[in-house]
Each structure stands twice: as structure tokens, then as C-alpha cells.
Amino acid sequence: MTTANTSSVYRATMSPVMDKAVNILMITVLFITMVSLGCTMEVSKIKGHILKPKGVAIAVLSQYGIMPLTAFCLAKAFQLDEMTAVVVLICGCCPGGNLSNILALALQGDMNLSILMTSCSTLLALGMMPLLLYIYCQGFADLQNSVPYVDIVISLVMILIPCGAGILINYYRPQYAKTITKVGLTIMMLSILAVGILTSIGVGGSILTVLAPPLMAISVLMPLIGYAFGYIISSLFRLNQAERRTVAMETGCQNIQLCSTILKIAFPPTIGPLFLFPLVFGTLQLLEALALIVLFRCHQRFTKKDKETYQPAAAEDTLKEHCEGTV
């Protein structure tokens, strides 16, 4: 993109009515999503893992070590302009979302570890996200003054309120927690589609900005790198296979609802349709995760078949020998 083209795209904004509708929808959906996330957190399990902080250390190292650095390196490698670079950086610095819990479950991962990592990365985002943005923005000229740190901190404080409400619901009314979680995930999926449709109508052809080849390449590479290095780091910590798959999912999956809301609310209107980048990123991270789940299931099925064809025969021979010896 040239600077002139970039500026004209950023100035493409929606009508005030459409813009307000999208803002209200995103804030409402983020509130519901964070309540459902809080409903998955159990105080007793969180306390138990805090006393043994190995999982917390892995969560911090993988979520806030790999992804922000990956976002920075990709923004540099593709020579993104300042506004696009900060969008990618914010996506990389976001905590993990509750979609990772579902993916970890599909991969037969450790659900206690998955929920712990999501909980810790969400709570630590209040300090880690502004700090990492400040550090990595130093690598771009004139970018330090473009990031609304105060608005981002306010947004992060606001998400902790519904998350805390979800924790209290799970603690005092656990019978409602699973229902709220299911409803929250359903609304989250539907909202992604709704926001995409409303924004497409509002900004028209300028939505192609987020489908530009550099951003598409980053959307493909970033979650893939997160999945791979999450697995590698957990292997270095000598976690078991279920825990390695869990850490991989937690590292590669970002909270795209939080990222989109921050970009839409905290940044000036000049950001244009770039606040949709997390939705593109989230779609591709989900497709890649589904591909990994299919590969894992196929590997598991073929391995199980091999064991079943071998073990019964061996067991039958042993049983015959035992019976003959007895006779």
C-alpha cells in the first residue's frame, strides 16, 4: 500500500447510526463472553494452581512471550505502516480466549490447565498488555504516541468486572454456570457473523483492506507459530502429551472479541475497517486448529487400530498357553 491509499482507506468510516450499532453490539457481546469465561473458573482450582505456579509460569511465558514477539517480527517482516502494525501488535498482545478451552477439549487436553491459562492470561492482561505494547512500539517510528494506553487500560478493567461476575456465579450458583457458558459461546459465534455483515454494509469496498495479502499472510502465520512454539515450550517443561496440546491451543488462540472491541472503541475513527482484522485472524486460527484436531483424531484412530489388531492376538496366545499349562 502507498501512504495515500492507506490514508484514504482509514478515513472510510461508517454512518453514525451503523457505527453506534456496531459499538453497542461489540460491547454487549464482549460483556456476555467475559461472563461466560468467568463461569468456567473455579476458585478452588485457581488457588491450587497458584500454590504450584508451574502452570502460571508456562501461561505467562507462552501467551505473553511468543505471541507479541511473533506479531512484532511479522509486522517488521511485511513492512507494515504504523496504524496496521499497531493493530497486529494489539492482536498479538491480547490474552487467550475461551475458544481455546473448546479446542483443548477437542484435542483431549488438560481442561484444568486450559482454564487456568485462560484465567491467568486474562487477569494479567491489565498490566502485561499495555507494557508489551509500550515495549514493542519503540521499534516503530512515531508509533508511541498513536496508542491510547489509558483507553486500553480502561477497556481491560471493564472486562474484569463481567469476568468477576462469572466467577461469583460459578461459586455461588454453579448449576447456572454451564448454561451461561453455552449461551455465551453461541452468542459469540453469531456476533462474529453479525459484526462482519454490518461492517461490510457500512464500509463497503474498503473492507478489502483487512484481506490484503500481507494481513492474510500474518493471519495464517501468527496462530500457526503460536501453536508450534506453545507445544515446544511445554515439551521443554516436560509436560505430558495432553498438557502439551493444551498449551499449544492456549498460546495460538487469542481473545478476538477483546481485540476487536479495543480497536473499535479505544482508537479514533481513522482506523476504519482495520478493527475487523481480529475477526479474520480468528477465522484462520480456528481453521488451523480444526485441521490439527482432524490430524490428531486420525493419528489416534490409526494408532488405536494398530494396538487392537496386535494386542488381542497376543492376549489370546497367552491365555491358551496358560490353560494348557493348567491342564
Side-chain angles (χ1 to χ4, degrees), residues 20-50 56 59 63 90-91 93-106 111-129 151-196 198 246 249-250 253-266 275 278-279 281-282 285-286:
K20 187 175 181 180
V22 171
N23 288 351
I24 293 174
L25 177 62
M26 294 183 70
I27 293 173
T28 304
V29 169
L30 180 64
F31 183 89
I32 295 172
T33 302
M34 295 311 297
V35 171
S36 65
L37 175 61
C39 286
T40 64
M41 302 180 188
E42 295 184 22
V43 176
S44 59
K45 291 181 179 178
I46 293 174
K47 284 182 179 179
H49 282 292
I50 288 175
V56 178
Q63 185 67 52
I90 288 177
C91 189
C93 293
C94 269
N98 50 6
L99 178 62
S100 60
N101 303 140
I102 299 175
L103 298 176
L105 179 63
M111 292 311 297
N112 288 333
L113 179 60
S114 176
I115 294 171
L116 171 71
M117 291 184 68
T118 303
S119 307
C120 290
S121 63
T122 301
L123 297 175
L124 291 173
L126 183 60
M128 293 298 296
M129 194 173 174
D151 293 333
I152 291 175
V153 171
I154 292 173
S155 302
L156 292 170
V157 171
M158 294 304 293
I159 71 165
L160 293 180
I161 295 174
C163 188
I167 294 175
L168 292 177
I169 291 172
N170 193 27
Y171 185 76
Y172 290 105
R173 295 290 186 273
Q175 65 271 24
Y176 301 133
K178 290 184 179 180
T179 303
I180 294 174
T181 301
K182 291 179 181 178
V183 172
L185 291 174
T186 303
I187 293 175
M188 178 189 72
M189 296 296 183
L190 295 175
S191 68
I192 293 174
L193 181 61
V195 169
L198 288 175
T246 301
M249 288 296 105
E250 290 292 332
C253 286
Q254 303 296 89
N255 191 332
I256 60 172
Q257 300 88 1
L258 172 62
C259 186
S260 293
T261 306
I262 287 176
L263 292 174
K264 188 71 177 66
I265 306 301
F275 81 93
L279 301 183
F281 177 89
Q285 83 176 3
L286 177 60

J.: How far does CG of Leu286 sit from CD1 of Ile256, to the nearest 0.5 angstrom?
T.: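 Those atoms lie 8.5 Å apart.
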
J.: Quick one: pull up CD in Gln254 and OG in Ser121 and give me the separation to the nearest 0.5 Å.
T.: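 The OG atom of Ser121 is 8.5 Å from CD of Gln254, to the nearest 0.5 Å.
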
J.: Return the OH to SG distance between Tyr171 and Cys39, rounded to the nearest 0.5 Å.
T.: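 Reported value, rounded in 0.5 Å steps: 15.5 Å.
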
J.: Are Glu250 and Ser114 side-chain neighbours, meaning at least one heavy-atom pair lies under 4.5 Å?
T.: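 Heavy-atom side-chain distance check passes, below 4.5 Å.
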
J.: Nearest 0.5 angstrom please: Leu258 CG to Cys93 SG, how far?
T.: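 The SG atom of Cys93 is 11.5 Å from CG of Leu258, to the nearest 0.5 Å.
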
J.: Out of curiosity, Met129 CE to Thr122 OG1, how far, rounded to the nearest 0.5 Å?
T.: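 It is 11.0 Å, given to the nearest 0.5 Å.
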
J.: Which heavy atom in Val153 sits nearest to a heavy atom in Leu126, and how many Å separate them?
T.: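 What the structure gives for the nearest pair is O-CD1, 3.9 Å.
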
J.: Can you tell me how far CG of Asn170 sits from CD1 of Ile167, rounded to the nearest 0.5 angstrom?
T.: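 Output value for this atom pair is 8.5 Å.
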
